[in-house]
Amino acid sequence: MGHTLVEKILGRKLNREVRPGDMLTLPVDWCMVDDIMAPFAIEKFYEMGFTKLYDPDKVVFIYDHFLPTTRVEDVRQIKEADAFAKEQGIRHIHRTDGICHQLMVEKGYIKPGDIAFGTDSHTVTYGAMGAFSTGIGYTEMAAILGTGETWVKVPASIKVVIDGTLPENVTSKDVILKIIGDLSACGATYESMEFTGSAMEEMSIASRMTMANMVVEAGAKCGLFYPDEKTASYCGIETKEMLEALQPDEDATYEKELHYKAMDFVPVVACPSLVDQIKPVNEVKGTKVDQVFLGSCTNGRLEDLQMAAQILKGKKIAPYLKFIVTPASQKIYREALKDDTLEILSDAGAIITTPGCGLCCGRGGGILSDGEVVLATNNRNFLGRMGSSQSQIYLASPKTAAATALAGVITEP
Amino acid sequence: MGKVFRFHKDVDTDQIIASQYLLYPTVEEMKEHTFESLDSEFAKKVQKGDVVVAHENFGCGSSREQAPAVLKALGVKAVIAGSFARIFYRNAINIGLLVIINKELYYEVQSGDTVDVDLEKGLIITEKGSYPLAKLPKKMQEIMDMGGLIAALNKEA
Amino acid sequence: MEKTFTATIWVLGDDIDTDIILPTQYLALEHVEDMKPYAFSPLREDLAGKIQKGDMIVAGKNFGCGSSREQAPEVMKALGISCVVAKSFARIFYRNAINNGMLLLENDKLYDQVTEGDRATVTLGEKIEYKGKTYEISSLPTNLMEILEAGGLVAAMQKKNGKKVE
Amino acid sequence: MGMTMAEKIIALAAKVPVTRAGDIETVTVDRLMSNDGTTHLTIDMYHNQLKHPHIADPDKLVWFVDHNIPADSPKTAASHKKMREFAKEHQIAFYEGEGVCHQVMMERYVRPGELIFGADSHTCAYGALGAFGTGVGCTDYLYAMVTGTSWVLVPSTIQIRLNGKLKEGVCARDLILTIIGQIGAGGATYKVMEFVGEGMKSLTMADRISICNLCVEAGAKSALMEADEIALTYLKEHGRTPKAVLKSDEDAVFEQVITIDLGEIKPIVAKPHFVDNVAPAQECFGVKIDEAFLGSCNNGRLEDLRVAAQLIKGKKVAEGVRFLVVPASRSVYKEAIKEGLIDTFVQAGAMVMNPCCSVCWGACQGVIGQGETLISTGTRNFKGRAGHKDSYIYLASALTVTASAIAGEITTSDRV
């Protein structure tokens, strides 16, 4: 009997066959620690009796949630992380480079087949590269920092097959939202999701990251794409064998299979205040919005900004509307400068902030008051996540965001 | 009679009420942060009728009217300083917060002393003696007499 | 950990996410004690103040969905919550809770029957008794039970590292 | 006896032929600027305290959301919402996220000879275009909004005569900090600081705005410069004409005359915790910094970004230092993109923010923590202004700030 991709990745690491339900102790390739959780993980690390990291070169510290700082206590997080990094000889630190998940991929840390853990639930993003990655708490991170390993229960898998070509106004964000809606917010709990089919093969790495990023919103442990030529060229690797070793077997067993025709997808939104409250944009069109947010580890990449710019070129956003654009990394910011994307967005009236988590994590970058409505491209619309619990958050694609910014009401692109 | 809270030279508007509180919806919500960086207990300790005494250039810095407004909301009866920054002075008069220029008092009193500002007699009275109140410029006295600029405006209208 | 205990019930709904359990703006407060008043605040502003030591939470499906913020189970533990009984739990929250020694019990029927303020009796690895009826709960996998019994992952690691537990 | 420039502008606004320092005049205000620092309170007073709420001339009002944008809390957002809705209802010119109010006012509104009230102390910046701008509180603002008028005590004038030219590596910022250090934080209280002399010819509009902007830190009611050819060219480029081009008469009476040789000015910093606590930059060499800020109504203009970008090109921000670069307006941002300056900053490791007041105001982005040190082109270094009450702010020029960001400690541009 064959193996799913997650079984292949985990088994390859341990050099043996693994099956869903097996409890494994896994060596860890990458530990990603963000600024919110660093001080807590450090405290637990010492409390556990550790004195030295198992391998400082496998640890990446990234400051993104609190930059730019909005409160005086934010700085404490950074200082404590800096002090620890210095003491332990951590070389991989990104203080102002952008959002952690973007950087882990963009800076070349993650390679297909890697095992990565991060102190943030959207660590699942690296599944776009065919890596096993998932979010953990800071206590567990502390244990991994000390031992270099942790336990994993091999998950069962859900296979999602999408064939064909997506309609012009649909992006990978609409696809993953629709799938989450179909599965429900806990429909993939403990499981691995695999995305395949010709539409997935067509997708850029950036679009794949958008989808992998959001599998946690269906409860999944990881969301995987099969490494291919695009993955190899993005990572700058040529090892064909490795790519072959990281494909599922044809006779692998899946807990569930979902089949979609790409042409059937339409632009959708997740309505307040749950990620699985999915409706076609057309069903909520005309809903007045006060703010539109384009950014985050879900949709803050160059292609996302470009999609919006294409719609907004030479036009102005609706009066009295706030349109906040937060690129996911400084590299993306520079690329978007180079091809005039930022200038087009700024001319349209966008407020372009420095890269970081921004509004998505609710610390700054456009917080909402009672009664305000935002349409946002990020990954969560939980009650009160972006400020007042009396505000409303709709999640949508960059294209829907741009069309909505233009009209001032929710609009299909 | 009120207690003295004594401050130094060049007390700026950021010390009176810091920027991060200015966008709070109401002065009532801001007032507990008055003088936070200089004396974090000030808002709790100050009582109606108390007096703020300071050296020169009190209220320098921004035009934020929240600065005199929080003092008034806390019940501060008067601010007595060697001199005032222009905008603060004008803002205080406009909202009916008594601001008195007196160069000596700063050297004569300590925090916690009692002091009385007797408007009828035109005197500042301390345990050690009394000081005549300087006259306000005529235009400003008119505004004070009417109970502040808004009251004046409502009378005109 | 006591094998049997009785607790007062607070009822929460489906999909109680980690932003509800503790909103982002309170995550960086220096101590978990400082975070306590804000637990569950987007949903029920006064709840944290009402919860007494030993109380239990009964909720619907997908409790703890959302982020990996471990402050969520930690703040619940600090509030003295003895356990959460839910139809199902989100994965990361589940793992974090165990790592903090916070007891989670899965049962898909109790939620539909309970009234807030009532009391129920839990017998670990066996059952919950509520208004004369019995609701089954299963026992945890061995490796997790070991962590829970050690008092959480920190204590388990201390043992491994031969560090004296204060 | 002649009149000063300030007396002439006030006489014009009061529609009287002559006025003198010490007189009180009722004036018609040409324009009323307000921002999110206080407008929510003005609106509350408008609704709750006025017997007959109305606006004399909505076309004179210009409102900005620039201090806390993007919003950092639900309370801030609520205050912004109140402003937005009021502006919409009363058709008040409303700019949200377009940049720092004073910069946008200079780009789009201010005309020589005007008398402008701004609910912000740095309104004195408008003197760079020969307008009398002064900061007021929200009660004064509301009075003027309702009646179209206000009263002013006509100020006396300190005339500052500038000769020569600034040396390379020295900025207008160094000049004004030197003057404030000389006359003290209360040295110009109630007075106008007027700048004249052949030295003016070498000062760009950006230099002039920077100089006038900071005069309130010496207590000044306003700052003034004659609208000369440089100013009138700027005005024309921005599609406007003067109300009146005025200057002080030869025989006007000045409170004080100060003569300064620009060539003598050296890089200078204002040390914590006051703007007049100045020292030559070299006295502070070696002071470790945690954050550097280039921006604000004082130094967030294209000229500032140019000199800074030129300095940092090919270099990197020191490890562990947060270097915030915040263009003063959307048009500055756009021009800076076109010239490649923004790319240079990002490449060097700076964080480029949306145009706004940023850490100069200290309540939104880039706030500093306990024990931290900031070097800033902002307007003030009051204790705690940029964040924690136990933190330190040094004020300096765009060049000195950028040099310090590269070095990780206070230094000047000739040393990096």
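First the proteins, then the strands, lettered A, B, ... as listed; each starts at 1. Because the structure is a prediction, the values reported are computed rather than measured. Side chains included, hydrogens not; waters and symmetry mates left out as well; all remaining heavy atoms used.
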Smallest heavy-atom separation, B:N154 atom then D:K51 atom, equals OD1-N, 2.7 Å

Within residues 93-119 of chain B, which positions have a heavy-atom distance to chain D below 4.5 Å? B:N94, B:I95

Determine, for D:R380 against B:D12, whether the closest basic-nitrogen to carboxylate-oxygen distance falls under 4.0 angstrom. no

Select, from B:E36, B:R86, B:K138, the one with the greatest count of heavy-atom pairs under 4.5 Å involving chain D. B:R86

Check whether D:S79 reaches the backbone of B:L23 with its side chain - one donor and one acceptor, N or O, closer than 3.5 Å. yes

Main chain of D:V136, side chain of B:E65: is a donor-acceptor contact present, judged purely on distance under 3.5 Å? no

Quick one: list whatever passes ring pair (Phe, Tyr, Trp, His ring centres under 6.0 Å) with D:Y143, sequence neighbours left out. none

Name the region of D:H122, side chain, backbone, both or neither, that has any atom closer than 4.5 Å to a heavy atom of chain B. neither

Take B:Q20 and D:W361 through the side chain to side chain contact (heavy atoms under 4.5 Å, CB included) test and state the conclusion after the steps. CA-CA 9 Å; B:Q20 61 258 42; D:W361 145 263; over 6 Å; no

Looking only at heavy atoms, the pair that brings D:K383 and B:S37 closest together is NZ-O, 3.9 Å

Nearest heavy-atom approach of B:S63 to D:G135 is CB-C, 4.4 Å

Closest non-hydrogen atom pair between D:S150 and B:R90, with its separation: OG-NH2, 3.2 Å

Chain B contact via D:Y190 - side chain, backbone, both or neither, heavy atoms under 4.5 Å: both

So with a 6.0 Å cut-off around NZ of B:K139, is the heavy-atom count from everything else above 12? yes

